[in-house]
Amino acid sequence: MLTGRDKEIQYLQKLYEKDGSRLVVLYGRRGVGKTRLVREFAKNMPCFYYACRDASEREQRFQWGKELSEAGIVTEEFPEWSELFAGSLQSASTKQVFVLDEFQYLMKGDGGFMDELTAFVGGLAKTRELLVILISSSISFVEKNMIKKMGRMAYKLSGLLKIRPLGFYQMRDAFPDYSSAQAFGLYAVLGGNPGLWQCMSPAKSLKDNICETVLSPTGALSGECRRILSEELREFSVYQTILSALAGGRHKLNDIYEYTGFSRPKISVYLKNLMELELIEKVFSYDTAGREHVQKGVYRISDHFLHFSFTYLYPYASRLEQTSPQTFYDRDIFPGFRRYMYQAFREVCREYVQHEAAKGQFPFVIASMGEWAGKAGDIDIIAQSSEGETLLALCQCEREEFPYEDYEWLLFLAKQAKLRTDHIWLFTDRGFDERLTAEAKEKKNLSLILL
């Protein structure tokens, strides 16, 4: 059963129910669940599906025609587009769904493909209705090159739907028997990509899954990091060097410059490309009166699997080749893994805040939300109402107990940021020390949240 995609299903359903034929582009990272979403949406509808190849236009037409021939529809050896479209129609009294997966391969090979497709769909206007779904895993193509490639045919599009990664709670549903600690750890490695989740077994422990799927040279995700980068980016070595710098704690442009030796303008261009692919992010600190205490120009890896790969696999590649996955995990991953988990755990805490707000169980209606990247330290979550009522939150998953000293540090950062402390939420998955527990009983504005 498909979870977490109700809004996307509803969007496609509304397009399907509208009169006339429609064309929609559905795109997102590979493995994020685009094809499965469409399959779930169209499971009770007449539907044609073709997986486009990264091949020449002539080869594309041959393979499509071959698939039709195997289904009993006779075509020429290298059929024309119009013949392929006609052969793909089904005998049905209702609107048909027509899916072209990785359609960018058709457009890269043949600039006239969209003209042919829209002309064919338009020619059916009086007799047949289609919902044409064009799927792509190339974010850069759709967002930067598609409209130019389509030209005037872009006006024929009825919609553009970006499929984003799912959240922690959807992943939790896929691994119901995992403890909280194992679930947070798995999310820190895989993020919200269902295609990666499916490579792991809910019946196996976090350690066994990582060892067998990621660390083993025959594992399903061995080499996944290279594939993620090489699909969209050239100059692979340059990007790896920059990602290595970020994973190593060098988050500012000057730090990356000193580490890599690349020029600052060159680094800026490559960082921009990585941000467009949503592999890294630039941290924009919440706007407060304490601007003099804010760090500016901070970058970090936002893709969880890349973050894991450049934290553990890339810097210790020689060691991994010479030891067993289990030994590597015990020696090189496990000791510092809780520290590594922090970034993902903070995301889970934000997701929790959003869920509470959606359920009406938040102290106020949130008008704005973000984080504060201070020179002395970070405030993980800041939420404010339109009247200025403020909630501050700190997330901690490394230590055995959330210490009182961290609470005091948050109060110090709040003064630097010049923020009110109407509500303070402290998050951990382990527990709180006695002094902090006693403080929370006395102060109404302090909440201790054990995830």
Side-chain angles (χ1 to χ4, degrees), residues 188 241-265 267-268 270-272 274-275 279-304 306-307 310-311 336 338-350 353 366-384 388-399 402-428 436 439 445-446:
T241 305
I242 292 174
L243 289 167
S244 175
L246 291 171
R250 300 167 183 88
H251 300 296
K252 297 180 73 66
L253 182 63
N254 194 59
D255 298 334
I256 300 171
Y257 161 73
E258 292 180 351
Y259 176 81
T260 64
F262 304 144
S263 69
R264 290 180 179 83
I267 294 171
S268 297
Y270 284 81
L271 289 173
K272 179 175 179 291
L274 289 168
M275 284 191 290
L279 300 177
I280 71 168
E281 61 186 352
K282 186 175 182 179
V283 180
F284 291 97
S285 196
Y286 199 90
D287 189 19
T288 73
R291 297 180 185 86
E292 68 274 17
H293 299 295
V294 170
Q295 285 195 85
K296 298 178 181 179
V298 179
Y299 299 87
R300 63 181 173 222
I301 301 174
S302 55
D303 181 276
H304 290 221
L306 281 187
H307 189 203
F310 280 93
T311 299
R338 295 289 303 190
R339 189 183 314 114
Y340 161 80
M341 274 176 50
Y342 162 69
Q343 185 172 316
F345 184 73
R346 180 170 54 183
E347 288 181 22
V348 177
C349 297
R350 290 174 182 167
V353 168
I366 298 175
S368 58
M369 189 164 124
E371 63 183 281
W372 194 73
K375 294 176 181 177
D378 300 340
I379 301 176
D380 294 318
I381 302 171
I382 302 172
Q384 286 188 322
E389 189 173 356
T390 304
L391 180 143
L392 307 181
L394 202 61
C395 312
Q396 201 282 116
C397 65
E398 183 179 351
R399 294 190 273 288
F402 198 118
Y404 185 87
E405 291 74 19
D406 282 9
Y407 166 60
E408 290 183 311
W409 190 248
L410 174 60
L411 297 178
F412 167 74
L413 294 176
K415 289 182 179 179
Q416 284 206 322
K418 299 181 181 178
L419 286 166
R420 290 163 50 175
T421 55
D422 303 308
H423 309 275
I424 294 179
W425 286 10
L426 305 180
F427 289 92
T428 185
L436 194 51
E439 186 86 1
N445 74 326
L446 176 59

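Values in this document were obtained by computation on a predicted structure and should not be read as measured data.
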* Beyond-backbone contact of Pro403 with Arg399, side-chain heavy atoms, under 4.5 angstrom -> yes

* To do: Take Thr390 and His423 through the side chain to side chain contact (heavy atoms under 4.5 Å, CB included) test and state the conclusion after the steps.
  => CA-CA 6 Å; Thr390 304; His423 309 275; over 6 Å; no

* Does a donor on one side chain and an acceptor on the other come within less than 3.5 Å for Tyr286 and Ser368? -> yes

* Distance in Å, Glu389 CD paired with Gln384 CD, rounded so as to fall on 0.5 Å steps -> 10.0 Å

* Taking the side chain as every heavy atom from C-beta outward, state whether Glu439 and Leu446 have any atom pair closer than 4.5 Å. => yes

* Asked: Do Trp409 and Glu405 come close enough that some side-chain heavy atom pair is under 4.5 Å?
  -> no

* To do: Give a yes or no on whether the backbone of Leu279 and the side-chain of Ser302 come within a donor-acceptor separation of less than 3.5 Å.
  => yes

* Looking only at non-hydrogen atoms, find the nearest pair between Leu243 and Ile301 and report the distance. => O-CD1, 3.7 Å

* To do: Answer whether the closest heavy-atom distance between the side chains of Thr421 and Leu391 falls below 4.5 Å.
  => no

* Asked: Taking all non-hydrogen atoms of both residues, which atom of Ala373 and which atom of Val283 are closest, and how far apart?
  -> CB-CG1, 4.1 Å

* **Evaluation steps, side chain to side chain contact (heavy atoms under 4.5 Å, CB included), between Phe262 and Thr241** => CA-CA 10 Å; Phe262 304 144; Thr241 305; 4.0 Å; yes

* Structure fact -> Value for CH2 (Trp372) from CG (Asp378), rounded to nearest 0.5 Å, stands at 8.5 Å

* Steps toward side chain to side chain contact (heavy atoms under 4.5 Å, CB included) verdict (Thr428, Cys397) -> CA-CA 5 Å; Thr428 185; Cys397 65; 5.6 Å; no

* Does a side-chain heavy-atom distance below 4.5 Å link Leu413 with Leu392? -> no

* In chain order, what residues pass the side-chain contact (heavy atoms from CB on, under 4.5 Å) check against Met369, with sequence neighbours excluded? -> Arg350, Val353, Gln354, Ile366, Ile381, Ala383

* Asked: Any salt bridge between Arg339 and Glu398, counting N to O under 4.0 Å?
  -> yes

* How long is the span from the OH atom in Tyr299 to the CD1 atom in Ile242, to the nearest 0.5 Å? -> 10.5 Å

* Do His307 and Thr311 touch side chain to side chain, with heavy atoms closer than 4.5 Å? -> yes

* Heavy-atom closest contact (Leu246 atom, Arg250 atom, distance) -> CD2-O, 3.4 Å

* Asked: Should we count NZ of Lys252 as having more than 12 external heavy atoms under 6.0 Å?
  -> yes

* Asked: Which value, rounded to the nearest 0.5 Å, describes the distance between Gln396 atom CD and Arg338 atom CZ?
  -> 8.0 Å

* Do you know the tightest heavy-atom contact between Lys282 and Gly297? -> CE-CA, 3.8 Å

* Donor-acceptor contact present, side-chain Asp422 to main-chain Asn445, <3.5 Å -> no

* Go through the side-chain N and O atoms of Ser244 and Tyr259 and say whether any donor and acceptor fall under 3.5 Å apart. => yes

* Distance-minimising heavy-atom pair for Cys395 and Asp380 -> N-OD2, 2.7 Å

* Asked: With no hydrogens and no angle check, do the side chains of His304 and Gln343 hold a donor and an acceptor under 3.5 Å apart?
  -> no

* Asked: Do the two ring centres, one from Tyr342 and one from Phe345, sit under 6.0 Å apart?
  -> no

* Asked: For Lys418, what residues pass the salt bridge (charged side-chain N to carboxylate O under 4.0 Å, His left out) criterion, not counting sequence neighbours?
  -> Glu292

* Would you find a donor on one side and an acceptor on the other, under 3.5 Å apart, between the side chain of Lys296 and the backbone of Ser285? -> no

* Structure fact -> Between Ile267 and Tyr257, the two heavy atoms sitting closest are CD1-CA, 3.5 Å

* Heavy-atom side-chain contact between Ile424 and Leu394 under 4.5 Å -> no

* Asked: Are any of the side-chain heavy atoms of Thr288 and His293 separated by less than 4.5 Å?
  -> no

* Check: Gly374 main-chain N/O paired with Gln295 side-chain donor or acceptor under 3.5 Å -> yes

* Hey, are Arg300 and Glu371 close enough for a salt bridge, meaning a charged N less than 4.0 Å from a carboxylate O? -> yes

